Amino acid sequence: MTMHLPPGPERLPLVGNILQFRRDPLSFVTGLHRSFGRAATFHMANVPIVAFFRPEAVRYFLVDHARNFTNGEFAAELRPLLGDGLLTTDGAVHRRQRRMVQPAFHKKRVDGYAQTMVTQTRALLEEWQPGAVVDMAREMQRLTLRIVARALFDVDLRSEGADLGDYFTTLAKNPVGRTYSLNALPLDLPFTPYGRAMRARAALDRWVYDLIARRRRDGRDTGDVVSMLLDARDDAGGMTDTEIRDQSMTLLAAGHETTANTLSWTLYLLARHPQIRERLLVELRDVLGAREATVADLPALPYLDQVVKEAMRLYPPAWTQGRRAIEPFELEGYSLPAGQLVLFSQWVIHRLVDVWGDPAVFRPERFAPEAERGLPPGAYFPFGGGPRMCIGMPFANLEARLVLATLLPRYAPNLMAGHEVVPQPRITLRMRDGLPMTLDRACAPRRTWPGAPAAAHS
């Protein structure tokens with residue numbers, strides 16, 4: 001087999017394209033697609049990485065040939081925090097872990113978390129004051145961490161562990177596992193990125209190991225994930241405290257970070273498009289009246305579903321994914337060797353003109369049932385796909401919809417004049433300088449809005 005790589009940008013000696021990538025990752029991957037089309041090769045130092053930009057490639061890596069690709073090399077940034085958890089392991093180890101954790105995310109159990117999601121959201125709203133200015137990105141981080149802690153760990157973060165969100169933020173800003181970064185240098189001093197990250201990780205470890213010790217000491221199943229993992233058994237036996245710590249940290253980190261970003265970006269988009277917020281509020285008021293939303297209400301809220309999906313298309317929580325090939329493979333006319341690193345980006349593929357038509361436009365109707373069925377497989381993958389599909393997807397989907405259905409009838413958060421919202425692509429797609437918003441009271445919605453269907457007039 002003749003091995004050759006797709007063309008790509010010029011690179012510098014020793015560092016390759018590292019400086020370009022680090023300077024502006026989103027512009028870099030977008031530029032690769034614009035300049036080279038369906039596939040391109042760039043270099044991190046002397047390591048070639050092939051980026052693919054078609055839905056067919058996403059399906060190839062995540063579904064059709066998933067067993068030929070490992071995830072571990074691209075999880076290096078996560079391993080110092082998460083250890084050997086679901087997001088950082090491969091093969092038989094990953095499959096065993098998924099079997100052990102899966103019961104926490106069965107549909108009946110996830111639906112049982114709904115009241116916790118609504119209760120925690122209501123409690124946050126009671127802390128807010130009309131007319132106040134809040135950093136909505138930080139508020140959504142606080143809320144989703146409270147929800148995952150209460151729902152999955154039976155812990156009330158309003159009375160303990162209030163600093164956990166700050167520790168996660170410190171680790172997100174100072175990723176010690178990042179390859180080709182000075183942050184990876186193990187200089188354990190208070191003022192270095194590594195030192196700050198290590199102190200945040202140590203604080204999180206103390207909290208999680210203390211929780212595990214309490215559950216072991218109590219010797220009873222409190223119905224939370226830690227109790228479930230302590231009782232879990234398979235042919236290899238039970239899980240060690242370290243294994244339980246790694247899974248717990250994974251669920252805590254991933255369980256609040258991605259949904260917080262989804263909620264922040266959704267509220268940002270709704271503030272920029274008040275006519276869409278108006279239409280959504282009509283739907284919420286028509287279905288819910290003055291009561292709170294429940295799981296049973298969600299099928300009657302299709303526009304809410306479309307709004308969340310469209311926000312995740314434009315601002316996917318995970319903006320890129322990568323894999324390493326176990327065996328040689330052929331794709332897009334190229335024959336690539338075993339060990340080849342590949343990258344595919346939600347940021348780019350969610351914005352392909354030939355798939356989405358007007359990809360920069362916030363248009364929730366793209367996800368109306370008939371339109372969504374017409375999407376090519378692999379064109380939309382905010383939660384990944386195939387056997388590594390995010391295990392927490394049902395939890396995150398339920399949470400985002402219930403939080404918005406609880407928040408929007410009470411508040412219409414509006415953007416602060418003069419503040420520029422800039423995507424910050426780290427492990428997830430955060431906002432560089434937060435999201436300051438004014439907490440205006442939600443008004444009674446009008447019965448019409450620009451582009452409203454005639455049936456909605458009353």
Side-chain angles (χ1 to χ4, degrees), residues 116-150 156-158 162-163 165-166 168-169 256-293 301 303-304 307-308 310-312 314-315 317 362 364 399-424 429-446 449:
T116 294
M117 296 170 179
V118 172
T119 299
Q120 294 291 329
T121 304
R122 188 194 326 121
L124 178 67
L125 299 184
E126 294 299 327
E127 297 175 16
W128 290 355
Q129 296 295 324
V133 176
V134 301
D135 180 351
M136 190 60 70
R138 181 177 173 82
E139 292 295 288
M140 292 301 100
Q141 290 279 340
R142 289 175 60 210
L143 174 59
T144 56
L145 189 56
R146 287 180 182 183
I147 289 172
V148 75
R150 173 57 89 181
D156 185 354
L157 290 187
R158 287 176 293 174
D163 295 329
D166 292 336
F168 280 115
T169 295
H256 88 278
E257 172 75 14
T258 55
T259 309
N261 290 340
T262 294
L263 288 166
S264 299
W265 286 113
T266 302
L267 292 169
Y268 163 75
L269 288 164
L270 290 174
R272 290 194 60 196
H273 299 85
Q275 75 283 5
I276 293 177
R277 181 166 65 189
E278 186 86 6
R279 177 177 174 182
L280 176 55
L281 198 55
V282 167
E283 179 181 83
L284 292 171
R285 294 276 170 88
D286 283 351
V287 172
L288 302 177
R291 64 179 176 83
E292 293 177 337
L301 298 170
Y303 198 63
L304 172 63
V307 165
V308 174
E310 175 70 343
M312 295 184 77
L314 278 168
Y315 296 101
F362 179 50
E399 181 181 12
R401 286 149 182 80
L402 288 177
V403 168
L404 291 169
T406 306
L407 187 159
L408 291 172
R410 288 188 59 179
Y411 284 102
N414 285 308
L415 299 169
M416 287 289 293
H419 179 80
E420 183 182 8
V421 176
V422 178
Q424 184 179 51
L429 192 64
R430 287 190 165 206
M431 296 171 172
R432 188 182 65 191
D433 299 309
L435 181 62
M437 303 189 88
T438 304
L439 297 174
D440 295 328
R441 285 286 194 188
C443 299
R446 296 172 298 170
W449 55 88

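This is a predicted model, so every value here is computed, not measured.
Taking CG from Leu124 and CG from Leu407, the interatomic distance works out to 7.5 Å, rounded to the nearest 0.5 Å. Here Leu281 contributes atom CG and Leu288 contributes atom CG; the two are 10.0 Å apart, rounded to the nearest 0.5 Å. Annotation: the span from Glu139 atom CD to Leu439 atom CG amounts to 8.0 Å, rounded to 0.5 Å. Rounded to the nearest 0.5 Å, atoms CG (Asp135) and OG (Ser264) are 8.0 Å apart. Of the inter-residue distances, the one linking Arg142 atom CZ with Ile147 atom CD1 reads 12.0 Å to the nearest 0.5 angstrom. For the atom pair Leu157 CG and His256 NE2, the distance stands at 10.0 Å (nearest 0.5 Å).
Counting only heavy atoms from C-beta outward, the side chains of Thr121 and Leu402 never approach each other to under 4.5 Å. Under the 4.5 Å side-chain criterion, counting only non-hydrogen atoms from C-beta, Glu283 is in contact with Leu280. Between Phe362 and Leu314 the shortest side-chain heavy-atom distance falls below 4.5 Å. Between Glu127 and Val134 there is no side-chain heavy-atom pair separated by less than 4.5 Å. At a threshold of 4.5 Å between non-hydrogen side-chain atoms, the residues Leu408 and Leu270 count as touching. Looking at heavy atoms from C-beta onward, Leu301 lies out of side-chain contact with Arg401 at the 4.5 angstrom threshold. Under the 4.5 Å side-chain criterion, counting only non-hydrogen atoms from C-beta, His419 is not in contact with Leu415. In this structure the side chain of Trp265 reaches within 4.5 angstrom of the side chain of Met431, judged on heavy atoms.
Within the structure, salt bridge (Lys or Arg N to Asp or Glu O under 4.0 Å) contacts touching residues 403-419 (residues at least two apart or in different chains) are Glu126-Arg410. The salt bridge (Lys or Arg N to Asp or Glu O under 4.0 Å) analysis of residues 429-445, with sequence neighbours excluded, yields the pairs Glu257-Arg430.
Met437 approaches Ala271 most closely through the heavy-atom pair CE-CB, 3.7 Å. Across all non-hydrogen atoms, the minimal contact from Leu404 to Pro409 is O-CD, 4.0 Å. Here the shortest heavy-atom pairing between Leu263 and Ala400 reads CD2-O, 3.6 Å. Closest approach of Thr438 and Gly131 over heavy atoms only: CG2-O, 3.9 Å.
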Review point. After noting the C-alpha distance and the side-chain angles of Glu292 and Thr119, does the key distance pass the side chain to side chain contact (heavy atoms under 4.5 Å, CB included) rule?
Key: CA-CA 10 Å; Glu292 293 177 337; Thr119 299; over 6 Å; no
Practice item. Run the numbers on Met140 and Leu435 for side chain to side chain contact (heavy atoms under 4.5 Å, CB included), then give the verdict. Key: CA-CA 10 Å; Met140 292 301 100; Leu435 181 62; over 6 Å; no
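The aromatic rings of Tyr315 and Tyr268 sit perpendicular to each other, their planes meeting at more than 60°, with 30° as the lower class boundary.
With sequence neighbours excluded, the residues satisfying side-chain contact (heavy atoms from CB on, under 4.5 Å) with Thr258 are Pro317, Thr428. With sequence neighbours excluded, the residues that form a side-chain contact (heavy atoms from CB on, under 4.5 Å) with Arg150 are Thr116, Gln120, Asp154, Asp156. Evaluation of the side-chain hydrogen bond (donor to acceptor under 3.5 Å, both in side chains) rule for Arg277 yields Asn414 as partners, not counting sequence neighbours. Tyr303 pairs by the ring pair (Phe, Tyr, Trp, His ring centres under 6.0 Å) definition with nothing, not counting sequence neighbours.
Environment of CZ in Arg272: sparse, with no more than 12 heavy atoms of neighbouring residues, nucleotides or ligands closer than 6.0 Å.
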